[in-house]
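Each remark here refers to the structure printed beneath this line.
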Amino acid sequence: EIKLTRPPMLEDRIQKIRAEIYAIIDARAEAVARESPGVPLGVIRNLLTARAPACPCAQYLEINRA
């Protein structure tokens, strides 16, 4: 019997991409925080994502343009 594999649902793919984007943004924020002692990590993360506050994909694109 041959089992057909169903392609991942769009929602699942979006969740995986968002998780990857959040990890990239967190890593960038941590790198900046190491160079900016005393500035809270949350503040740095907010500054990095401020140009596209509602959309993780747009946040990623903005960060990579800088």
Side-chain angles (χ1 to χ4, degrees):
E1 178 179 317
I2 298 175
K3 265 193 169 174
L4 297 176
T5 24
R6 210 172 97 207
M9 299 281 296
L10 180 59
E11 184 176 340
D12 295 336
R13 294 187 343 239
I14 289 169
Q15 292 299 330
K16 287 178 183 175
I17 290 168
R18 280 184 159 188
E20 188 175 341
I21 289 169
Y22 290 144
I24 291 167
I25 291 171
D26 288 342
R28 179 74 59 91
E30 288 170 8
V32 172
R34 284 192 294 275
E35 298 172 10
S36 307
V39 180
L41 186 59
V43 171
I44 293 169
R45 192 180 196 293
N46 288 341
L47 289 171
L48 289 174
T49 59
R51 290 188 186 150
C55 177
C57 296
Q59 291 170 355
Y60 173 79
L61 294 172
E62 286 294 326
I63 287 173
N64 280 328
R65 286 186 190 135

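Please read all numbers here as calculations on a predicted model, not as lab measurements.
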Quiz item: In terms of hydrophobic clustering (I, L, V, M, F, W, Y; side-chain heavy atoms under 4.5 Å; direct or indirect links), are I24 and L47 co-clustered?
Solution: yes
Practice problem: To the nearest 0.5 angstrom, please state how far the CD atom of E62 sits from the OG1 atom of T49. | Solution: 10.5 Å
Exercise. Could you pull out all residues at least two apart from E30 that satisfy side chain to side chain contact (heavy atoms under 4.5 Å, CB included)?
Key: R34, L41
Quiz item: Given side chains that start at C-beta, do those of R28 and N64 come closer than 4.5 Å, heavy atoms only?
Solution: yes
Quiz item: Hey, are the side chains of I25 and I63 touching, using non-hydrogen atoms and a 4.5 Å cut-off?
Solution: yes
Quiz item: For the side chain of Q59 and the backbone of A52, is there at least one donor-acceptor N/O pair under 3.5 Å apart?
Solution: yes
Self-check item: C57 to I21 - nearest heavy-atom pair and separation
Solution: CA-CD1, 3.7 Å
Quiz item: Do you know the tightest heavy-atom contact between I44 and S36?
Solution: CD1-CB, 4.5 Å
Exercise. Mind jotting down which residue pairs meet the salt bridge (Lys or Arg N to Asp or Glu O under 4.0 Å) criterion with at least one end in residues 17-27? Sequence neighbours excluded, please.
Key: D26-R45
Exercise. Could you state whether L48 and Y60 fall into the same hydrophobic cluster, counting links through intermediate Ile, Leu, Val, Met, Phe, Trp or Tyr residues with side-chain heavy atoms under 4.5 angstrom apart?
Key: yes
